[in-house]
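Predicted, not measured: the structure shown is a model, and the values here were computed from it.
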Amino acid sequence: MRILVTGASGFIGTALCRELRVRGHVVRAAVRGAADEEPDRLERAVVADIAGEFDRGALLDGIDAVVHLAAIAHRKAGEAALRRVNVEGAARLARAAAGHVRRFVFLSSVKVHGEESGARAFSETDMPRPEDAYGRAKLESERSLHEIAAGSRMELAVLRPPLVYGPGVKGNFLRLLGWVNSGWPVPLGAVENRRSLIYVGNLVDAIARCVERPEASGTFLVSDEESPSTPELVSRIANALGRRARMWPVPVSWLRLAGRITRREEEVRRLVGSLAVDMSLVRTKLGWQPPFTLDQGLAETARWFGSARRQA
């Protein structure tokens, strides 16, 4: 198949382009500009602004399927910018694609369900309850894309992953790696929760499955097989780094209070709250199982982390 991947030079996009090529597909990589690294042996298309004015017909010419990854994720961008890129940009591409391609795969987020799942796991049938601008934009995008697909022959697959980790990861997971690697005690020993996450190798395998399988239309929650507690995750990160896990059993109420005082409430919430997903639908409908275990994903991430530190 000839596949267009937007956001192709990003953390997930780079891994996806590599995976699709391994599977024998021809990839057209949409990147923002000349400053982006060109993925090896990929057809490259420069799209400076996915929501702006450009020839989408030319971008889609000869394409069988689209994987739309391009998005703004950081909150500092503001709700207007998030909506322009994440909602309007996706919709404009999908409208153009509806006359050209048979399959459109959209990377959404578990954040459309909310920030905490509580004692049970989120499922696709749960009422969406996004709590921030990013989650609201992803949900609006999903709804817009479903409307566009319903009026055309284009099939739509939506994936809602939780936190994605792997070589090249940034943000909170990278900070957690650094904290555990430093040997300083982590005040998370008293946390009892469940956190779903997904190794980038598992995510790109699921995306490729949605591109390839005709029965993949619909919305799917995907994650690693395990949903560890935060203390368990810290211990397994430490093991992957060859470090000793050191944790203090600080009461969760104290941690939440500290988060409010330091204005890092959301970061603390992600460490102590539960956010688990139920993968029953993707298993039964697509027969999909994560090809990598949590420990395998963490081992690859730790190898990258160690190499990056040595080169810094």
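Cluster membership check: L163 shares its hydrophobic cluster with L16, using side-chain heavy-atom separations under 4.5 Å among Ile, Leu, Val, Met, Phe, Trp and Tyr. One hydrophobic cluster, built from ILVMFWY side chains closer than 4.5 Å, holds both L107 and L221. A single hydrophobic cluster is seen to contain both L188 and W184, as judged by linkage of ILVMFWY side chains at heavy-atom distances under 4.5 Å, directly or through other members. Side-chain heavy atoms closer than 4.5 Å link hydrophobic residues (I, L, V, M, F, W, Y) into clusters, and following such links, possibly through other members, connects L286 to V67. Residues V158 and V87 are members of separate hydrophobic clusters, defined by side-chain heavy-atom contacts under 4.5 angstrom among Ile, Leu, Val, Met, Phe, Trp and Tyr.
Not a single donor-acceptor pair under 3.5 Å links the side chain of S227 to the backbone N or O of A276. Side-chain atoms of R92 come within 3.5 Å of backbone N or O of A51 as a donor-acceptor pair. At distances below 3.5 Å, not a single donor-acceptor pair connects side-chain atoms of S144 with backbone N or O atoms of E140. Judged purely by atom type and a 3.5 angstrom limit, R264 has no side-chain atom pairing as donor or acceptor with the backbone of A258. A distance-only check finds no donor-acceptor pair linking the side chain of R129 to the backbone of V112 [under 3.5 Å]. Side-chain atoms of T14 do not come within 3.5 Å of backbone N or O of F11 as any donor-acceptor pair. Using modelled atom types, one side-chain atom of Q296 and one backbone atom of T293 make a donor-acceptor pair closer than 3.5 Å.
We find the CD-CG distance between E300 and L298 to be 10.5 Å, quoted to the nearest 0.5 Å. How far CD1 of I237 is from CG of L294: 8.5 Å, rounded to the nearest 0.5 Å. Between E155 atom CD and S217 atom OG the span is 4.5 Å, to the nearest 0.5 Å. A distance of 11.0 Å separates CD of E116 from CZ of R270, quoted to the nearest 0.5 Å. Note that CZ of R260 and CG of L255 are 11.0 Å apart. Values are rounded to the nearest 0.5 Å.
Residue A65 comes nearest to M1 through the heavy atom pair CB-CE, 3.7 Å, listed as atom of the first residue, atom of the second, then distance. Residue G7 comes nearest to A70 through the heavy atom pair N-CB, 3.7 Å, listed as atom of the first residue, atom of the second, then distance. Across all non-hydrogen atoms, the minimal contact from S223 to P162 is CB-CG, 4.0 Å. Closest approach of A71 to V85, counting heavy atoms only: CA-CG1, 4.2 Å. Residue I198 comes nearest to P161 through the heavy atom pair CG2-CB, 4.1 Å, listed as atom of the first residue, atom of the second, then distance. Taking all atoms of both residues into account, the shortest heavy-atom contact from R56 to L93 is NE-N, 4.0 Å.
Residues W288 and R213 form no side-chain contact, since every pair of their non-hydrogen atoms from C-beta on lies 4.5 Å or further apart. For the pair L156/V105, no side-chain contact is recorded, criterion being any heavy-atom separation below 4.5 Å from C-beta on. Residues L60 and V66 have side chains in contact (heavy-atom distance under 4.5 Å, counting atoms from C-beta outward). Residues R28 and I63 form a side-chain contact, since some pair of their non-hydrogen atoms from C-beta on lies under 4.5 Å apart. For the pair M247/V234, a side-chain contact is recorded, criterion being any heavy-atom separation below 4.5 Å from C-beta on. Two residues are said to be in side-chain contact when any heavy atoms from C-beta on lie closer than 4.5 Å; C210 and L159 meet this criterion. In this structure, L197 and L233 have side chains that are in contact, with non-hydrogen atoms separated by less than 4.5 Å. Inter-residue side-chain proximity for D64 and R2 is flagged as met; some heavy-atom pair is nearer than 4.5 Å.
By the 6.0 Å and 45° rule, R303 does not stack over the aromatic ring of F305.
By the salt bridge (Lys or Arg N to Asp or Glu O under 4.0 Å) test, E147 pairs with no residue at all, sequence neighbours left out. With sequence neighbours left out, the side-chain hydrogen bond (donor to acceptor under 3.5 Å, both in side chains) criterion links E115 to K111. Taking N239 as the reference, nothing meets the side-chain hydrogen bond (donor to acceptor under 3.5 Å, both in side chains) condition, with sequence neighbours excluded. In terms of the side-chain hydrogen bond (donor to acceptor under 3.5 Å, both in side chains) criterion, residue partners of T125 (sequence neighbours excluded) are, by chain and number, S123. Evaluation of the salt bridge (Lys or Arg N to Asp or Glu O under 4.0 Å) rule for R95 yields no partner, not counting sequence neighbours. Residues satisfying the side-chain hydrogen bond (donor to acceptor under 3.5 Å, both in side chains) test with T230, not counting sequence neighbours, are N193. In this structure R236 satisfies the salt bridge (Lys or Arg N to Asp or Glu O under 4.0 Å) test together with E226, E232, D295, sequence neighbours excluded.
A salt bridge is absent between E265 and R256: the closest approach of a Lys/Arg side-chain nitrogen to an acidic carboxylate oxygen does not fall below 4.0 angstrom. Between R136 and E131, no side-chain nitrogen of the basic residue sits less than 4.0 Å from a carboxylate oxygen of the acidic one, so the salt-bridge criterion is not met.
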V47 and V31: CA distance, side-chain angles, deciding distance, side-chain contact (heavy atoms from CB on, under 4.5 Å) verdict: CA-CA 6 Å; V47 179; V31 295; over 6 Å; no
Chi angles and distances behind the side-chain contact (heavy atoms from CB on, under 4.5 Å) call for V222, N202: CA-CA 9 Å; V222 291; N202 288 333; over 6 Å; no
side-chain contact (heavy atoms from CB on, under 4.5 Å) between R246 and V186, worked out: CA-CA 6 Å; R246 302 178 64 193; V186 179; over 6 Å; no
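Side chain to side chain, R160 and H113 meet the donor-acceptor criterion of an N or O pair below 3.5 Å. Side chain to side chain, S108 and E142 meet the donor-acceptor criterion of an N or O pair below 3.5 Å.
Identified under the ring-ring contact (aromatic ring centres under 6.0 Å, His included) test for residues 196-245, with sequence neighbours left out: Y165-Y199, Y199-F292. Pairs of residues two or more places apart, or lying in two chains, never qualify as ring-ring contact (aromatic ring centres under 6.0 Å, His included) while including a residue from residues 241-266. Judged as a salt bridge (Lys or Arg N to Asp or Glu O under 4.0 Å), the pairs with a partner in residues 194-207 (not counting sequence neighbours) are, in order, R23-D205. Pairs engaging residues 278-287 under the salt bridge (Lys or Arg N to Asp or Glu O under 4.0 Å) rule: E225-R283 [sequence neighbours left out].
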Exercise answer: donor-acceptor pairs, residues 166-181 side-chain atoms, under 3.5 Å, sequence neighbours excluded:
| residue | atom | partner | partner atom | Å |
| --- | --- | --- | --- | --- |
| N172 | OD1 | R175 | NH2 | 2.2 |
| N181 | OD1 | R243 | NE | 3.1 |

